[in-house]
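Written out below as C-alpha cells is the structure these notes cover.
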There are 2 protein chains.
Amino acid sequence: MRKKESTDYANEQSLFQLCERNSAINMISGRWKGQIVYYISLGNDRFHLLQQKLPNISEAVLARQLKELENHAILVKREIPDTIPVGIRYLLTNKGVDLVPILDSLCNWGKSYADGKKIVVPADNNVIDLG
Amino acid sequence: MRKKESTDYANEQSLFQLCERNSAINMISGRWKGQIVYYISLGNDRFHLLQQKLPNISEAVLARQLKELENHAILVKREIPDTIPVGIRYLLTNKGVDLVPILDSLCNWGKSYADGKKIVVPADNNVIDLG
DNA sequence: CTGTATCCCCAACGATACTG
DNA sequence: CAGTATCGTTGGGGATACAG
C-alpha cells in the first residue's frame with residue numbers, strides 16, 4: 001500500500017485534482033489495459049479469451065488489470081447463469097465504450113509518426129533529424 | 001536499466017509491436033507528462049516556469065520527464081542565444097502539438113463521468129450504482 | 001538557469017502454487 | 001473457469017547535494 005502521508009501520494013492526488021487529464025492517464029496506464037479494453041470491445045468478453053489474445057500475460061496480472069478497470073467503472077463483471085463452475089463475462093460500460101475511440105486516436109497518433117511522418121517544430125519550422 | 005532478457009522487457013516490446021496504442025500509452029504514462037505538455041502548449045517553455053506551475057515536482061524528476069518527452073520527439077530543446085548561463089526553451093514538435101487535443105479528449109472523458117454522468121452497461125442497459 | 005549523481009522507497013510486473 | 005496468495009525483481013518517483 002502506498003502511504004497516504006508520502007509526497008508520492010500527495011503529488012498524485014494534487015494532480016488528479018488539478019485536471020481530470022491526469023486521473024484519466026492514470027486509469028489507462030498499466031501495461032495491458034489498452035489492449036484489454038480493445039479486445040473486450042471486439043467481443044472477447046471471457047477471462048480465457050483474453051488469455052488467448054494476450055498469451056504472455058500471467059493469470060495474476062490479468063486478474064489485477066481487470067479489477068483495476070472494474071474499479072474505474074470502465075468494465076463490469078456479469079455472472080453467466082446456470083454454469084458450473086460459474087462463468088464470468090466482462091462487459092464495457094458506456095464509460096469504457098467512450099474510451100475506445102480515444103485509444104484509437106492515440107493509436108493513430110503514434111502510428112502516423114512511426115510510419116515516417118516528419119517531425120517539425122511549428123515555432124521555427126525546422127525539420128528534426130531523428131537518429 | 002531494464003534487462004533485455006527479462007519477460008518484463010519482452011512483454012513490453014511485443015505489445016509495442018502489436019499496436020501503436022500501447023507505445024503511445026507508454027509515451028504519456030508518467031506522472032507529470034500530461035500536465036507538462038499542456039503547460040508548454042500554453043507557452044510555459046522554460047524549466048523554471050514549469051517548476052512554478054508544478055510546485056511539488058523535484059528538479060531531478062522534471063529533468064527526467066522532459067528528457068523522456070524529448071526522446072519520444074514530443075518536444076525539443078532550443079538554446080537561447082547570448083545568455084549566461086545558457087537558457088533553454090522547450091518547444092512542442094508537431095507530434096507534441098497533435099497530442100494536445102487527444103489529451104483534452106481524455107480530460108473531458110474523465111471529467112464527464114466524474115461530474116456525475118451515469119454509468120451503464122450498453123449490453124443490458126442496467127445502470128451501475130457506484131458506492 | 002538547467003541540469004546530473006546518488007540514494008531510498010514503494011508499486012507494478014511477473015512466476016508459481018493453490019482454490020471454490 | 002476464474003481467480004487468490006505469496007514472493008522476487010525492477011523501475012519510477014522523490015530528496016538532496018552538487019555542477020557547468
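Note on naming: letters A, B, ... go to the chains in the order of the sequence lines (proteins, then strands), and numbering restarts at 1 for each one.
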Protein-nucleotide distance ([X], atom [atom1]; [N], atom [atom2]), rounded to Å:
X: Leu15(A); N: dG14(D); atom1: CG; atom2: C1'; result: 14 Å
X: Ile80(B); N: dT2(C); atom1: CD1; atom2: P; result: 7 Å
X: Glu79(B); N: dC1(C); atom1: CD; atom2: C1'; result: 12 Å
X: Glu5(B); N: dC13(C); atom1: CD; atom2: C1'; result: 16 Å
X: Arg78(B); N: dT2(C); atom1: CZ; atom2: C1'; result: 17 Å
X: Gln13(B); N: dC13(C); atom1: CD; atom2: C1'; result: 15 Å
X: Glu70(A); N: dT4(D); atom1: CD; atom2: C1'; result: 15 Å
X: Arg64(B); N: dA15(D); atom1: CZ; atom2: C1'; result: 10 Å

Side chains of residues 72-82 of chain A: which donor-acceptor pairs under 3.5 Å do they make with residues two or more places apart or in other chains?
| residue | atom | partner | partner atom | Å |
| --- | --- | --- | --- | --- |
| His72(A) | ND1 | Glu68(A) | O | 3.2 |
| Arg78(A) | NE | Asp124(B) | OD2 | 2.7 |
| Arg78(A) | NH2 | Asp124(B) | OD2 | 2.9 |

Would you indicate which nucleotide in dG14(D), dT4(C), dA15(C) comes nearest to any side-chain atom of Asp8(A)?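 Out of dG14(D), dT4(C), dA15(C), the nucleotide with an atom closest to Asp8(A)'s side chain is dG14(D).
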N/O donor-acceptor pair under 3.5 Å between Asn94(B) side chain and Val120(A) backbone: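 Such a contact is found between Asn94(B) side chain and Val120(A) backbone.
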Taking Asp104(A)'s backbone N and O only, do any of them form a donor-acceptor pair with Asn108(A)'s side chain (distance below 3.5 Å, no angle check)? yes
Please tell me if [X] has a side-chain N or O lying less than 4.0 Å from either OP1 or OP2 of [N].
X: Ser6(A); N: dG13(D); value: no
X: Lys67(B); N: dT4(C); value: yes
X: Asn11(A); N: dG14(D); value: yes

Sorted by number, residues from residues 21-39 of chain A placing a heavy atom under 4.0 Å from DNA chain C are Gly30(A), Arg31(A), Trp32(A)
Using a heavy-atom distance cut-off of less than 4.0 Å, which residues of residues 46-61 of chain B contact DNA chain C?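 Contacts with DNA chain C under 4.0 Å: Arg46(B), Phe47(B), His48(B), Glu59(B), Ala60(B).
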Within this structure, what is the CE-CG distance for the pair Met27(B) and Asn71(B), rounded to the nearest 0.5 Å? 10.5 Å
If I take atom CG from residue Leu50(B) and atom CZ from residue Arg46(B), how far apart are they, to the nearest 0.5 angstrom? 10.5 Å
Restricting to non-hydrogen atoms, name the atom on Val100(A) and the atom on Ser41(A) that form the minimum distance, rounded to 0.1 Å.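 Taking every non-hydrogen atom into account, CG2-CB, 3.9 Å.
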Pairing donors with acceptors under 3.5 angstrom, does anything connect the side chains of Ser23(A) and Glu20(A)? yes
Indicate, with a heavy-atom threshold strictly under 4.0 Å, whether Gln65(B) touches base, sugar-phosphate, or nothing.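 Here Gln65(B) touches the backbone only, sparing every base.
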Verify side chain to side chain donor-acceptor pair (under 3.5 Å) between Asp98(B) and Tyr113(A), making sure each step is shown before the conclusion. CA-CA 11 Å; Asp98(B) 286 354; Tyr113(A) 290 98; 2.4 Å; yes
Under a 4.0 Å N-O cut-off, is there an ion pair linking Lys118(B) with Asp129(B)? no
